[in-house]
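Keep in mind that this is a model prediction, so the values were computed, not measured.
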Amino acid sequence: MRRTTLAPGLLLAAAALTACNPNPAAPAPTTPAAVPPSAAPATEQAPAAANRTAELPDFTGQGLQVAQDKAQSAGFYSLHSHDALGRSRAQLDDLNWKVCSQTPAAGQRSINVAIDMAAVKLDEQCPATDQGASTPSAGSSMPDVKGRSAAAVRDLLPRNTSLTIKDAAQSRAVLVESNWQVCSQSPAPGTELTGQPITLKVVKFGETCP
């Protein structure tokens, strides 16, 4: 078996290289990059935003669309509206409605507060008191619904109620229930509700019940 022998000069050169770099594989230490203050988590700012307040204007008498635009300009975005006459009409075109009252009232408010505007159509008079702020349920007995809109009566009855609505004056189809008011009802007010069908006879608002 042959053995390889390095010349004396090569041995000296290898020894010199080893002495100059005793640990060539060791990586150079690094310093972690500092995180700038602007990179702090956004959640640290959340409490301050949640507690922000702004001046809520008084929208009474203004057009509903104008009122909503002003509310957003002031920093309020949780906006709602309802029929102040209690007829359960939807405000499909805000330009055709005006504000009668608002909740909460004008003043310094949290920007996260829910704002509800009671409104009527432009050619209508605001009621003395808001008739549509809440929709009560019928409970266990039939309420007196004469004079109410057919749509409002449907809202207060259980959803599974069988409800028939008939024109009391002619043979017209009742298409938009919020445009019709109740003249008579069956069963009578105070009757226990046991799931029986309910019938309303109605005329359009502005008409006289027969």
Side-chain angles (χ1 to χ4, degrees), residues 58-71 78-106 114-210:
D58 183 0
F59 304 118
T60 305
Q62 299 179 6
L64 182 57
Q65 185 63 66
V66 171
Q68 291 178 339
D69 291 344
K70 287 185 176 181
S78 181
L79 306 177
H80 309 275
S81 63
H82 66 269
D83 185 351
L85 294 178
R87 291 169 54 181
S88 295
R89 295 173 294 180
Q91 291 73 60
L92 299 179
D93 186 354
D94 295 337
L95 295 174
N96 291 334
W97 295 75
K98 62 184 177 183
V99 179
C100 295
S101 61
Q102 68 188 66
T103 304
I115 300 168
D116 189 13
M117 303 180 192
V120 296
K121 289 191 173 183
L122 299 179
D123 59 351
E124 297 173 340
Q125 297 294 321
C126 289
T129 58
D130 184 4
Q131 303 297 313
S134 61
T135 303
S137 59
S140 60
S141 60
M142 182 67 189
D144 186 353
V145 296
K146 292 178 183 178
R148 295 196 180 199
S149 78
V153 177
R154 185 180 293 277
D155 287 343
L156 65 85
L157 293 172
R159 291 187 177 274
N160 60 353
T161 300
S162 296
L163 181 62
T164 300
I165 303 174
K166 297 180 178 180
D167 183 357
Q170 304 175 36
S171 298
R172 297 167 293 183
V174 181
L175 300 179
V176 183
E177 295 179 357
S178 60
N179 290 339
W180 297 75
Q181 63 176 328
V182 178
C183 294
S184 62
Q185 64 185 78
S186 177
T191 302
E192 182 182 3
L193 291 177
T194 59
Q196 68 270 47
I198 293 173
T199 300
L200 305 176
K201 291 187 177 181
V202 299
V203 294
K204 286 189 175 182
F205 278 95
E207 298 178 346
T208 302
C209 289

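Counting all heavy atoms, side chain and backbone alike, Ala138 lies closest to Leu193 at CB-CD1, 3.9 Å. Heavy-atom minimum distance, Pro143 versus Leu156: CG-CD1, 3.7 Å. For the residue pair Phe59 and Ala71, the shortest heavy atom distance occurs at CZ-CB, 3.6 Å. Across all non-hydrogen atoms, the minimal contact from Ala114 to Pro104 is O-CD, 3.6 Å. Residue Phe205 comes nearest to Arg148 through the heavy atom pair CZ-C, 4.4 Å, listed as atom of the first residue, atom of the second, then distance. In terms of heavy atoms, Ala67 sits closest to Met117 at CB-SD, 3.8 Å.
To the nearest 0.5 Å, atom CG of residue Leu200 and atom CG of residue Leu157 are 7.5 Å apart. Taking CG of Leu79 as the reference point, atom CG of Asp116 lies at 10.0 Å (rounded to 0.5 Å).
Contacts of Thr191 classified as side-chain hydrogen bond (donor to acceptor under 3.5 Å, both in side chains), with partners at least two apart in sequence or in another chain: none. By the side-chain hydrogen bond (donor to acceptor under 3.5 Å, both in side chains) test, Asp94 is found to be paired with no residue, residues two or more places apart in sequence or in another chain being considered. Residues that satisfy the side-chain contact (heavy atoms from CB on, under 4.5 Å) test with Pro158, not counting sequence neighbours, are Asn160, Thr161. Shown here are the side-chain hydrogen bond (donor to acceptor under 3.5 Å, both in side chains) partners of Ser88, two or more places apart in sequence or in another chain: Asp155. Partners of Arg89 under the salt bridge (Lys or Arg N to Asp or Glu O under 4.0 Å) rule, at least two apart in sequence or in another chain, are Asp83, Glu124. Legend: residues meeting side-chain contact (heavy atoms from CB on, under 4.5 Å) with Pro210, ordered by chain and number and at least two apart, are Ala168, Cys183, Val203. Scanning for side-chain hydrogen bond (donor to acceptor under 3.5 Å, both in side chains) contacts around Ser81 gives Gln91, with sequence neighbours left out.
Evaluation of the side chain to side chain donor-acceptor pair (under 3.5 Å) test over residues 192-203, restricted to residues two or more places apart or in two chains, returns Thr194-Gln196. For the salt bridge (Lys or Arg N to Asp or Glu O under 4.0 Å) condition, the pairs that include at least one residue of residues 159-178, sequence neighbours left out, are Arg154-Glu177, Asp167-Arg172, Arg172-Glu207. The disulfide bond (SG atoms under 2.5 Å apart) contacts involving residues 119-176 comprise Cys100-Cys126, where partners must be two or more places apart or lie in separate chains. For residues 147-182, the set of pairs meeting the disulfide bond (SG atoms under 2.5 Å apart) definition, not counting sequence neighbours, is empty. Under the side chain to side chain donor-acceptor pair (under 3.5 Å) criterion, no residue pair touches residues 136-147, with sequence neighbours excluded.
For the residue pair Thr129 and Gln131, a side-chain donor N or O sits within less than 3.5 Å of a side-chain acceptor on the partner.
A side-chain contact (heavy atoms from CB on, under 4.5 Å) with Gln62 is found for one member of Gln68, Lys70, Lys98 and no other, namely Lys70.
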Run Thr164 and Ile198 through side-chain contact (heavy atoms from CB on, under 4.5 Å) and show every step you take.
CA-CA 6 Å; Thr164 300; Ile198 293 173; over 6 Å; no

Would you sort out whether Met142 and Gln185 count as a side-chain contact (heavy atoms from CB on, under 4.5 Å), showing the intermediate values?
CA-CA 10 Å; Met142 182 67 189; Gln185 64 185 78; 3.5 Å; yes

Any chance you could lay out the side-chain contact (heavy atoms from CB on, under 4.5 Å) test for Gln125 and Val120, step after step, and finish with the verdict?
CA-CA 7 Å; Gln125 297 294 321; Val120 296; over 6 Å; no

Ile115 vs Thr103, side-chain contact (heavy atoms from CB on, under 4.5 Å): CA-CA, chis, key distance, verdict
CA-CA 6 Å; Ile115 300 168; Thr103 304; over 6 Å; no

